[in-house]
Trainee: 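One structure follows; several queries about it will come next.
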Amino acid sequence: MRKISLLVILMLLMPVNSLYAMKFSNLYVFGDSLSVSGWPEYFSTSNTTFSGDLTNFAVGGATSSEVFNQVDSYLRNNSIDPDALYVVFGGTNDGSSDGKYILQTVEALHAGGAKYIMVSNLHDNPIKPTSFIISYNRNFLNDFNNLNVNVIQVDTYTLFEEMYDNPSAFGFASSSDILPDDLHFSQATHGIVSDYFSSVIEAGSLVSILPEIALSAVRGHQAGLEHGFLMLEKGSNPGKWASFFDFEFGNSELDESDYTVSHDSNVFSLYAGLAYSYFSNLDLGVILNLRMMSGDFGESSGDYDLTSEFLSLFARYTYKKAYLDMVCTYGFFSFDTINREVSLGALTRTESGDTDGDDIGFSFKSGILAYDNKGFSVSPYVSFSMHSITVDGYSEDDNHATSMDYSSQERDSNVFSYGIKFDYESKVSWADLTYGALIESQYDTEDDSNTISYGVKTLEGSSFELIGYTPESQAIFVLLGVNAAFQKGWTGNISFKNRTGDDSTENSIFVGFKNQF
């Protein structure tokens, strides 16, 4: 009872570093004395990681064959929970280095229906010969890399090597405090192991929103195109060229979900375009857009810098009171910096990487002038936008136990929209003014949850899949602006954009100028 009370007190005093992660329903643990108490309790109380309970089947002194028996008994008496995380942590008490029973244990869980299984290799310790540990871990990695099962492999061996090399950085007075009896974990070590397991899961939660950040840049570019079309509407004459320039200052936010972190970014964007009016009803043009986003992940979970370049070719055709806008877009993304903050006990480290990506898109919008009287007009419209975004895979720079390799990610977006545009025209001594308001409802049909594939970098060849971001399906887009047509072919415009979705909010101010020549 005294030991249990002490454990509870230590759990309450120890900070929980797991801020965001995929939310599993429950946690099931199978293993030996290293898992009887300590890290499973810390791990399960990471409230954003588990929504349910911990069930611990670990037994002190268990060999890997006995760990298999734990799972076999569980499967004979229980149904697999497909949304739970199953952790297998054994092998320390084995007398041989093949680890076949751990492999069979994982195969049995998978055959029973488990989708999320985590296994750990062995940490180096004074009780076991180093040659045994190295041989075991080598076979362990080869076996699981060749196993056609979604297994979350964690590198406890490298984690302990890092603690042995620099114990003070992790909060230990000396390396002897890591394993007080040369084999078992101290309470602080249990906390670090829990932090490490959480960091592996959280890595995918964070990186899985990179395509969504890229899509936010795409949406910002599209809003800039809308602003450009506002400037083209008034004052275009057949056979004339028009150049226009836009500046955008804004903010983009994404709420956290069960599977992903939030992000908050500042946006600066520069547009330059050129258009030519054919006849009186056809405008053709090109727009270049440089966008820079700098943002934070979650609550001190990391940060990123994204530079995007877009090239769009557009056409606007008008016939009597109807119009049709068509746009083809290519975008290039450069995530110059992706920093992921990892806490391991007293140590906080940054895992950094960079990657690129691209976007291919097409959109059209068709509307009609439904009402026009005394300078006030109303135009309903419908639109469709299709974009295909790819974010390339990348490796984080260092070779820590917490460093990850990520596979490429794709994000398709097919947005159907309908909206209505209001205009009011007036004249003042120095310009012809047009006040505009646009409001539309957007529906993205590509709202299925994506998966992200990645693995621990120090476990070469390891890879697993977890659920990533679930895209929002609906949003309201609003654009408010005023257009001022001056003499000598100059036009100025200032607009405000707001897009509010199920999980995201985007706000921007546009300032633009057009010159017809």
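This chain uses plain numbering: 1 for the first residue, then up along the sequence. If you're wondering where the values come from, they're calculated on a predicted model, not measured in any experiment. All values below were derived from every heavy atom in this structure, side-chain atoms included, with hydrogens, water molecules and symmetry-related copies excluded.
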Trainee: Do you see a donor-acceptor pair shorter than 3.5 Å between the side chains of Asn339 and Asp303?
Mentor: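 Their side chains do contain a donor-acceptor pair, which is all the 3.5 Å distance test asks for.
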Trainee: Within the 3.5 Å criterion, strictly below it, is a donor on Asp336 or Thr307 matched to an acceptor on the partner's side chain?
Mentor: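 Looking only at side-chain atoms, Thr307 and Asp336 do form a donor-acceptor pair, the distance falling under 3.5 Å.
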Trainee: How many angstroms lie between NZ in Lys115 and CG in Leu466, if you round to the nearest 0.5 Å?
Mentor: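 Taking NZ in Lys115 and CG in Leu466, the distance rounds to 10.5 Å.
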Trainee: Can you tell me if Ser441 and Tyr443 form a side-chain donor-acceptor pair at under 3.5 Å?
Mentor: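 Their side chains do contain a donor-acceptor pair, which is all the 3.5 Å distance test asks for.
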Trainee: Look at the side chain of Ser135 and the backbone N and O of Ser131, then say whether any donor-acceptor pair between them is shorter than 3.5 Å.
Mentor: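 Here the side-chain-to-backbone pair does not exist.
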Trainee: Compute whether any side-chain donor of one residue and acceptor of the other, for His400 and Glu162, lie under 3.5 angstrom apart.
Mentor: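 Checked: His400/Glu162 side chains show no N/O donor-acceptor pair below 3.5 Å.
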Trainee: Would you check if the side chain of Ser73 reaches a backbone N or O of Asn69 as a donor-acceptor pair within less than 3.5 Å?
Mentor: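 No, because the side chain of Ser73 does not come within donor-acceptor range (under 3.5 Å) of the backbone of Asn69.
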Trainee: Do Ile192 and Phe172 come close enough that some side-chain heavy atom pair is under 4.5 Å?
Mentor: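 Ile192 vs Phe172: side chains touch.
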Trainee: Verify whether one side chain among Glu472 and Ser504 offers a donor that lies under 3.5 Å from an acceptor in the other.
Mentor: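 Indeed, the side chains of Glu472 and Ser504 share at least one donor-acceptor pair under 3.5 Å.
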Trainee: Using modelled atom types and a 3.5 Å cut-off, is there a donor and acceptor pairing between side-chain atoms of Gln70 and backbone atoms of Gly31?
Mentor: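 Yes; at least one donor-acceptor contact below 3.5 Å.
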Trainee: Can you find a pair of side-chain heavy atoms, one from Arg411 and one from Asn450, that are under 4.5 Å apart?
Mentor: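 Not touching, per the 4.5 Å side-chain cut-off.
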Trainee: Is the backbone of Asn121 close enough, under 3.5 Å, to the side chain of Asp155 for a donor and an acceptor to pair up by distance?
Mentor: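 Not a single qualifying donor-acceptor pair exists.
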Trainee: Quick one: do Lys457 and Asp398 make a salt bridge, cutoff under 4.0 Å?
Mentor: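 Salt bridge: no.
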Trainee: For residues Asn414 and Glu446, is any side-chain donor paired with an opposing acceptor at under 3.5 Å?
Mentor: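 Yes, because at least one side-chain N or O of Asn414 sits under 3.5 Å from a partner of the opposite role on Glu446.
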Trainee: Measuring from atom OG of Ser199 to atom CG of Leu206, what distance do you get when rounded to the nearest 0.5 angstrom?
Mentor: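 With rounding to 0.5 Å, OG (Ser199) is 11.5 Å from CG (Leu206).
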Trainee: Without hydrogens or angle criteria, can the side chains of Ser269 and Asn289 be said to hold a donor-acceptor pair below 3.5 Å?
Mentor: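 On atom types as modelled, these side chains qualify, holding a pair under 3.5 Å.
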Trainee: Strictly distance-based, threshold 3.5 Å: is any side-chain N or O of Tyr454 a donor or acceptor partner for the main-chain N or O of Gly393?
Mentor: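 No; zero donor-acceptor contacts below 3.5 Å.
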Trainee: If we only count heavy atoms from C-beta on, is the Tyr157 to Leu122 side-chain gap below 4.5 Å?
Mentor: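 No, their side chains stay 4.5 Å or more apart.
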Trainee: Quick one: do Ser176 and Ser174 satisfy side-chain hydrogen bond (donor to acceptor under 3.5 Å, both in side chains)? Show the steps, please.
Mentor: CA-CA 5 Å; Ser176 61; Ser174 67; 2.7 Å; yes
Trainee: For Arg291 and Tyr271, which heavy atoms make the closest approach, and how far apart are they?
Mentor: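 So the minimum-distance heavy-atom pair works out to NH1-OH, 3.0 Å.
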Trainee: Angle between ring planes, Phe144 versus Phe140, binned at 30° and 60°: parallel, tilted or perpendicular?
Mentor: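 The arrangement is tilted - the two ring planes meet at 30° to 60°.
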Trainee: Does the side-chain contact (heavy atoms from CB on, under 4.5 Å) test come out yes or no for Tyr86 and Val88, once each step is laid out?
Mentor: CA-CA 7 Å; Tyr86 292 83; Val88 179; 5.7 Å; no
Trainee: Rounded to the nearest 0.5 Å, what's the gap from OG on Ser208 to CG on Leu210? Could you check?
Mentor: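 Spacing of OG (Ser208) from CG (Leu210) equals 8.0 Å.
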Trainee: Evaluate side-chain hydrogen bond (donor to acceptor under 3.5 Å, both in side chains) for Thr355 paired with Asp392, printing each intermediate quantity in order.
Mentor: CA-CA 6 Å; Thr355 189; Asp392 297 337; 4.9 Å; no
Trainee: Check the side chains of Gln222 and Ser385 for a donor-acceptor pair under 3.5 angstrom, ignoring hydrogens and angles.
Mentor: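 There is such a pair (donor and acceptor under 3.5 Å, judged by atom type) between the side chains of Ser385 and Gln222.
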Trainee: Going by heavy atoms in the side chains, are Val36 and Asn56 under 4.5 Å from each other?
Mentor: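 Heavy-atom side-chain distance check fails, nothing below 4.5 Å.
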Trainee: Using side-chain heavy atoms (C-beta onward) and a distance below 4.5 Å, is Ile287 in contact with Leu225?
Mentor: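 In contact.
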Trainee: Taking atom types as modelled, is there a side-chain donor on His221 or Ser312 under 3.5 Å from an acceptor on the other?
Mentor: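 Yes, Ser312 and His221 have a side-chain donor paired with an acceptor closer than 3.5 Å.
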Trainee: Between Ser252 and Ser216, do the side chains contain a donor N or O and an acceptor N or O under 3.5 Å apart?
Mentor: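 Result is yes, a qualifying pair exists.
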Trainee: Going by the side chain to side chain contact (heavy atoms under 4.5 Å, CB included) test, name the single residue among Asp412, Asp359, Ile389 that passes it with Leu215.
Mentor: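 Running side chain to side chain contact (heavy atoms under 4.5 Å, CB included) over Asp412, Asp359, Ile389 with Leu215 returns exactly one hit, Ile389.
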Trainee: Pick out which of Phe43, Phe89, Tyr74, Tyr116 makes a ring pair (Phe, Tyr, Trp, His ring centres under 6.0 Å) with Tyr28.
Mentor: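 Result for ring pair (Phe, Tyr, Trp, His ring centres under 6.0 Å) with Tyr28: Tyr74.
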Trainee: Check whether any side-chain heavy atom of Met292 sits under 4.5 Å from a side-chain heavy atom of Ser294, and report yes or no.
Mentor: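 No - every pair of side-chain heavy atoms lies 4.5 Å or more apart.
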Trainee: Less than 3.5 Å apart, any donor N or O on the side chain of Ser343 or Asp195 sitting next to an acceptor on the other?
Mentor: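 Side chains of Ser343 and Asp195: no pair found under 3.5 Å.
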Trainee: Report yes if the side chains of Asp354 and Tyr394 come closer than 4.5 Å at any heavy-atom pair, otherwise no.
Mentor: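 Result no, sub-4.5 Å side-chain heavy-atom pair not found.
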Trainee: Under the criterion side-chain hydrogen bond (donor to acceptor under 3.5 Å, both in side chains), which of Glu202, Arg349, Arg340 is the partner of Thr402?
Mentor: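 The residue from Glu202, Arg349, Arg340 that satisfies side-chain hydrogen bond (donor to acceptor under 3.5 Å, both in side chains) with Thr402 turns out to be Arg349.
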Trainee: For Asn498 and Thr500, test the side chains for any donor-to-acceptor distance below 3.5 angstrom and give the result as yes or no.
Mentor: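 Note: Asn498 and Thr500 side chains meet the donor-acceptor criterion.
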Trainee: Does CG in Asn148 sit with more than 12 non-hydrogen atoms of other residues, nucleotides or ligands closer than 6.0 Å?
Mentor: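 At most 12 heavy atoms, drawn from other residues, nucleotides or ligands, come within 6.0 Å of this atom.
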Trainee: Indicate whether any N or O donor in one side chain lies under 3.5 Å from an N or O acceptor in the other, for Glu341 and Ser301.
Mentor: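 No donor-acceptor contact under 3.5 Å links the two side chains.
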Trainee: Would you check, one step at a time, whether the test side-chain contact (heavy atoms from CB on, under 4.5 Å) holds for Thr329 with Val218?
Mentor: CA-CA 9 Å; Thr329 298; Val218 170; over 6 Å; no
Trainee: Does one side chain, of Asp94 or Ser64, offer a donor that lies under 3.5 Å from an acceptor on the other?
Mentor: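 Yes, Ser64 and Asp94 have a side-chain donor paired with an acceptor closer than 3.5 Å.
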Trainee: First locate atom CD of Glu351, then atom OG of Ser403, and finally report the distance between them rounded to the nearest 0.5 Å.
Mentor: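 These two atoms lie 3.5 Å from each other.
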Trainee: Rounded to the nearest 0.5 Å, what separates atom CG in Asn125 from atom CG in Leu179?
Mentor: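 Atom-to-atom, Asn125:CG and Leu179:CG are 6.5 Å apart.
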Trainee: Quick one: do Asp405 and Glu460 satisfy side-chain contact (heavy atoms from CB on, under 4.5 Å)? Show the steps, please.
Mentor: CA-CA 9 Å; Asp405 286 325; Glu460 186 175 357; over 6 Å; no
Trainee: Hey, does the side chain of Ser25 reach the backbone of Gly52 with a donor-acceptor pair shorter than 3.5 angstrom?
Mentor: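 Looks like no, no N/O pair under 3.5 Å.
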Trainee: Once you measure the plane-to-plane angle for His263 and Tyr304, does it fall in the parallel (<30°), tilted (30-60°) or perpendicular (>60°) bin?
Mentor: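 Correct class here is perpendicular.
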Trainee: Flag yes if more than 12 heavy atoms outside Glu410 fall under 6.0 Å of its CD atom; otherwise flag no.
Mentor: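 Check fails, neighbour count at 12 or below.
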Trainee: Are Ile127 and Phe132 packed together at the side-chain level, in the sense that at least one heavy-atom pair is separated by less than 4.5 angstrom?
Mentor: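 Result no, sub-4.5 Å side-chain heavy-atom pair not found.
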Trainee: Assess the side chains of Gln442 and Ser417: does a donor N or O sit below 3.5 Å from an acceptor N or O?
Mentor: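 The criterion, which ignores hydrogens and geometry beyond distance, is not satisfied for Ser417 and Gln442.
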Trainee: Counting distance only, does the side-chain N/O of Ser508 pair as donor-acceptor with the main-chain N or O of Glu248 below 3.5 Å?
Mentor: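 No, Ser508 side chain to Glu248 backbone: no donor-acceptor pair under 3.5 Å.
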Trainee: Output, in order, the C-alpha distance, side-chain angles, deciding distance and verdict of side-chain contact (heavy atoms from CB on, under 4.5 Å) for Thr63 and Tyr101.
Mentor: CA-CA 9 Å; Thr63 62; Tyr101 280 108; over 6 Å; no
Trainee: Examine the side chains of Glu253 and Thr505 and answer whether a donor and an acceptor come within less than 3.5 Å of each other.
Mentor: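 No pair is found: no donor N or O on one side chain lies under 3.5 Å from an acceptor on the other.
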Trainee: Nearest 0.5 Å please: distance from the CZ atom of Phe30 over to the CZ atom of Phe68.
Mentor: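 Between Phe30 CZ and Phe68 CZ, I get 11.5 Å after rounding to 0.5 Å.
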Trainee: Side chains of Asn166 and Ser168: do they bring a donor and an acceptor to under 3.5 Å?
Mentor: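 Looking only at side-chain atoms, Ser168 and Asn166 do form a donor-acceptor pair, the distance falling under 3.5 Å.
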Trainee: Name the orientation class of the two ring planes belonging to Phe268 and Phe249 (parallel below 30°, tilted from 30 to 60°, perpendicular beyond 60°).
Mentor: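 Tilted: the ring planes of Phe268 and Phe249 meet at 30° to 60°.
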Trainee: Knowing that exactly one of Phe185, Tyr136, Tyr164 qualifies, which makes a ring pair (Phe, Tyr, Trp, His ring centres under 6.0 Å) with His123?
Mentor: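 Considering Phe185, Tyr136, Tyr164, a ring pair (Phe, Tyr, Trp, His ring centres under 6.0 Å) with His123 is found only for Phe185.
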